Every structure is written in C-alpha cells, then in structure tokens.
Amino acid sequence: MKYRFRSKCLCCNKKKLNKIVDLGLHSFADRFVPKKKLNVKDPKYPLILDLCSHCKFIQSRTITDPKNRYLEIDYSYTSSNSSYSRNHWIEFADNLEKKTRLEGKKIIEIGSNDGFLSYLLKKKGADVLGVDASEFMVKVSKKKINAIQSIFNFKQSKKIKKIFGKADIVIANNVFNHSDKPLDFLKGVHNLLGKDSIFIFEQPNFTVGVLSLKFDQIYHEHVSYFTARNIKSILNYSSLKILSLSKNGYHGGSLRTVATKKDSKLREIKINKFINFENKKNIYKLSFYKEMMRKISIKKIKLLNKLLRLVSKGYVISGIGAAAKSNTFLTYYGLNNYIINFLTDASKFKQKKYTPVTRIVIKDDKELVKHKKIACIILSWNISNLVISKIKKLNKRIKVIYT
C-alpha cells in the first residue's frame, strides 16, 4: 500500500520528530471485515509514533486517508454497545446538566456515533446536532437525533454553522485524536463557539497507557496521543484555554477537558500538577520508550509461549472483546486464526465479521458455553472484572489469560 510519512509536528509545525514506538505493519483497527469481503486484501501501514522534541506533542508518523478508515467498510463500534459504556455517557450527560442548564442549549456533538449521548442531551431539553464521519453510524443515529455525515474540519464547520448556527456547547469525545489536522479541527471548533461557549472533549490518557505498558490503544485511526501537556499546547496554538481537566476510568484511563475561547470571561485554570507528574515519569524522554518497548517484547514472548503450551494440551483459545485495541494487540503479537479460534463481542454490528490481518471470526458470547477445554484472553482489559464475571457465569471451566 502507498503511504506517506509526516515530516512536521501536528502541533508546532517544527521538523523535530523522533521515533518512540514502532509496532510494525498494521491495518485499520476498526476495520471489521464482513464475510463477503474476506477476499479483499487489508491495507497495511507502518504503525509508528513520533515525539516532537520542540513541543513534546506525540503523534502517528504514517499519513492515511480518513475516507479509507471510515467509509470503505461500515464502522462497527457503537457508544451504547455495553452497560459500561452506556453508564459512562449517562454520567457525562448528568454531570454536564449539573454544571449548566441544558434546556434550550444548542449542542453539536462531533463524533456522535450511534447518537446515544446526543439523545441523552436531547431528552434533557437541548437542541442537538450529531456529526459523524461514518455514513452507517449517521443512518443508525438518525432514528433518535438530527445528524449529518461529515469528516469534521474548519471547512465543514462553516457548512455546519450555516445549518445550525453557533453552538453553546461543542462535544468531541474520542474523535479529536482521529483528526489528521488537529489544528484545523480546533479552528473549526473555534468557529462554532460563541464567546462564552464551551468545548468538551475526552480522550484516552496516553500517560496511563504507556506507564502500564498498554500499547494497544495505538492505531492508525488515532493520529494524536494526548497527555495534559499536549492538550495545553495544542489548545494554546488554537486560541483556546482550559477551564477544567479531570481524569476518569473510561478506556482504562481518560482525560476530560473543558475549554473555551481565550477571550472568554470564563476563568482559565492551571494544570501544573498533571504536567509535573508526566515530567516526573519521564514520558517525554526517548529513553523511556526504549525501555517500554523492551518490556513489551518480553511480555509478548511470555504470552506466546503460554498460548502454545495450552494449544498443545488441546485447549480452544478465544479472545474476549473485539475492540479496535484488540486488533493492535493481535496483529503485533501475530495471533491469527491458526492460534485464536474466535473472538466474542456483544455488538451485533461486529458478530460474524472478521478481524483485519489476523482474520479471526467474531461470535456471540454464547459460543463459550460449547467448549469444555477453553482459555480466554481478556482483550477488553479496561473492563476485565465485568468481562470475567460474565464469561465465568457462562462457563465456569474457562481459563482466564491476561494481556
């Protein structure tokens, strides 16, 4: 597959990028393949992260086409897929309602997915517009909300503004990091905000991931990787300021940011304690990543040896959770359908499809009941307690394997 490498930092535009992570060749992590397209070869690109030595922004190196990422095969992830996800977005909506009156507020949700959060806000009296890159997800969400298909950027923001006007609140959860041009994305957000409007976005906390050796939230759909320092830097380049920054447990650890225009009367906060912690852990030093990759390689060898022993003893091997991060893990470990018999997932949009590259079929959890000698790799490690409790009720003989 043809591809280009990014030569300038997405935040400061300096040519001071240094490789920190190299996971080899990967396809798109959200590319769950229907049976009728199994003969279509999955595109593969180098999955490399760079650290800017000037501003410390962390970003992917390979440039891929967002149309290939989101439109070539129907997007399969849904916000309302699990009770865990639903509860998180219910908390988000309730928390927002406590802080500001939602009745009559104009809200634009970029990355509205199946419309679950937007619908919660609509029920609280807000006038909501959903915006999503996936035509399929827009079709799904239109049963509940007003939504349009758009790969969001500044140009698209002008079209949205003509349709909807300025927003009191712009939301972009787990989508801002997907933008190939984050500064242009923020320019679009800025264009949609009134003087004292707020922008709320939530992203996986990269610091938590690297400290726990959880590399699997690195994939081509994620272009930028957010730390507190990175958030402050890129907002500063975009005439925006931080009103609040908080941590939560979603995706194994996320940062929720509330921002506004720099000329707003709303008060900016300092986030020194977050940045000081990141500096203390040395996550902006190249030596940190060299040691991190060494430890990940050791974990990989140990797990592969364990799985091969289980296979030799006649165990059926399953993976629990067909999330995007599962595909990064499976591809990096080389765990294809010769070793992993199947994955299970609760999403009806993923069942009967296949993983990219590794070509493992995805089934309903009920498949676990059929096997007396089965070992399950917990790929959805961020909700491992819930997952293990669920599968043990289905089959108490399951042998649990952690990543």
Side-chain angles (χ1 to χ4, degrees), residues 30 65-81 85 88-89 92-93 96 102 104-194 197-203 221-224 226 234-235 238 240 256-261 324 349:
D30 270 309
D65 188 337
K67 290 182 180 179
N68 293 339
R69 299 200 298 258
Y70 306 114
L71 300 176
E72 193 173 273
I73 287 181
D74 286 341
Y75 196 66
S76 301
Y77 174 78
T78 53
S79 302
S80 57
N81 179 50
S85 296
H88 179 73
W89 299 122
F92 182 102
L96 183 57
L102 294 178
K105 284 283 197 303
K106 298 189 73 173
I107 300 177
I108 296 172
E109 186 188 7
I110 305 164
S112 50
N113 195 256
D114 64 355
F116 183 76
L117 175 58
S118 283
Y119 183 59
L120 292 175
L121 300 173
K122 178 182 175 181
K123 287 197 296 182
K124 291 179 183 293
D127 181 11
V128 184
L129 176 68
V131 179
D132 201 90
S134 166
E135 289 179 354
F136 179 67
M137 284 300 152
V138 168
K139 184 179 178 180
V140 170
S141 69
K142 275 189 172 181
K143 296 173 184 177
K144 297 175 288 188
I145 62 165
N146 182 23
I148 59 171
Q149 189 274 327
S150 171
I151 297 174
F152 186 80
N153 54 30
F154 176 62
K155 184 178 179 180
Q156 290 296 311
S157 79
K158 291 192 283 187
K159 294 179 182 178
I160 293 167
K161 195 174 178 180
K162 283 184 179 179
I163 297 169
F164 194 71
K166 285 191 175 184
D168 299 299
I169 303 170
V170 174
I171 298 171
N173 294 320
N174 299 303
V175 68
F176 177 34
N177 56 340
H178 289 229
S179 175
D180 287 293
K181 297 179 179 179
L183 289 174
D184 186 71
F185 185 103
L186 290 177
K187 186 179 179 183
V189 170
H190 194 280
N191 182 48
L192 293 174
L193 295 173
S197 299
I198 58 172
F199 171 44
I200 310 171
F201 63 100
E202 188 171 297
Q203 303 292 164
E221 288 88 339
H222 287 178
V223 176
S224 302
F226 287 102
I234 201 157
L235 290 180
S238 306
L240 296 165
R256 184 180 296 171
T257 308
V258 181
T260 191
K261 290 184 173 181
F349 298 116

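Numbering starts at 1 and runs along the sequence shown. Not measured: the values here are computed from a predicted model.
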| field | Nearest-0.5 Å distance, CD of residue Q203 to CG of residue N177 | value | 4.0 Å
| Donor-acceptor contact below 3.5 Å, side chain Q149 vs main chain S134 | no
| remark: Correct closest heavy-atom pair for W89 and L120 would be O-CD1, 3.6 Å
| task | For the residue pair F226 and T257, establish whether any side-chain heavy-atom pair is separated by less than 4.5 Å. | result | no
| Backbone of G104 reached by a side-chain donor or acceptor of D127 within 3.5 Å | no
| note | side chain to side chain contact (heavy atoms under 4.5 Å, CB included) with S157: of V170, D184, L192, only one passes, and it is L192
| task | For K161 and G188, indicate whether the former's side chain and the latter's backbone hold a donor-acceptor pair under 3.5 Å. | result | no
| note | Here the pair of heavy atoms bringing K144 nearest to G115 is NZ-C, 4.2 Å
| message | I need the minimum non-hydrogen distance between L96 and I198, along with the two atoms involved. | response | CD1-CD1, 4.5 Å
| Spacing of I148 atom CD1 and I160 atom CD1 [to the nearest 0.5 Å] | 4.5 Å
| request: Start with the C-alpha gap between N113 and N174, add the side-chain angles, then the distance that decides, and say whether side-chain contact (heavy atoms from CB on, under 4.5 Å) holds. | output: CA-CA 10 Å; N113 195 256; N174 299 303; over 6 Å; no
| field | Any side-chain heavy-atom pair of L186 and F199 under 4.5 Å | value | yes
| field | Step-by-step side-chain contact (heavy atoms from CB on, under 4.5 Å) determination, H190 to K261 | value | CA-CA 7 Å; H190 194 280; K261 290 184 173 181; 3.6 Å; yes
| Got a second to check how far I110's CD1 is from I171's CD1, nearest 0.5 Å? | 9.5 Å
| query | Is there a donor-acceptor pair under 3.5 Å between the side chain of D168 and the backbone N or O of K106? | reply | yes
| message | Would H178 and F152 count as a side-chain contact (heavy atoms from CB on, under 4.5 Å) here? Give the steps. | response | CA-CA 10 Å; H178 289 229; F152 186 80; over 6 Å; no
| query | Of all heavy-atom pairs between I151 and P66, which one has the smallest distance, and what is that distance? | reply | CD1-CB, 4.1 Å
| If every non-hydrogen atom of A93 is compared with every non-hydrogen atom of L121, which pair is closest and at what distance? | CB-CD2, 3.9 Å
| Is there a donor-acceptor pair under 3.5 Å between the side chain of S197 and the backbone N or O of A167? | yes
| message | More than 12 heavy atoms of other residues, nucleotides or ligands under 6.0 Å from NZ of K187: yes or no? | response | no
| request: Spell out, as yes or no, whether a donor-acceptor pair under 3.5 Å connects the side chain of S179 to the backbone of F176. | output: no
| query | Step by step, would you call L102 with I169 a side-chain contact (heavy atoms from CB on, under 4.5 Å)? | reply | CA-CA 10 Å; L102 294 178; I169 303 170; 4.0 Å; yes
| said: Out of the candidates L183, V189, N191, only one should pair with F154 under the side chain to side chain contact (heavy atoms under 4.5 Å, CB included) rule; please name it. | reply: N191
| said: Quick check on Y119: does its OH atom have over 12 non-hydrogen neighbours (other residues, nucleotides or ligands) under 6.0 Å away? | reply: no
| task | Can you see which heavy atom on S118 is nearest to which on I145, and at what distance? | result | CB-CD1, 3.6 Å
| query | Can you tell me how far CZ of F185 sits from CZ of F201, rounded to the nearest 0.5 angstrom? | reply | 9.0 Å
| field | E109 CD to N173 CG distance, which is reported to the nearest 0.5 Å | value | 6.5 Å
| To the nearest 0.5 Å, what is the distance between NZ (K159) and CG (N153)? | 8.5 Å
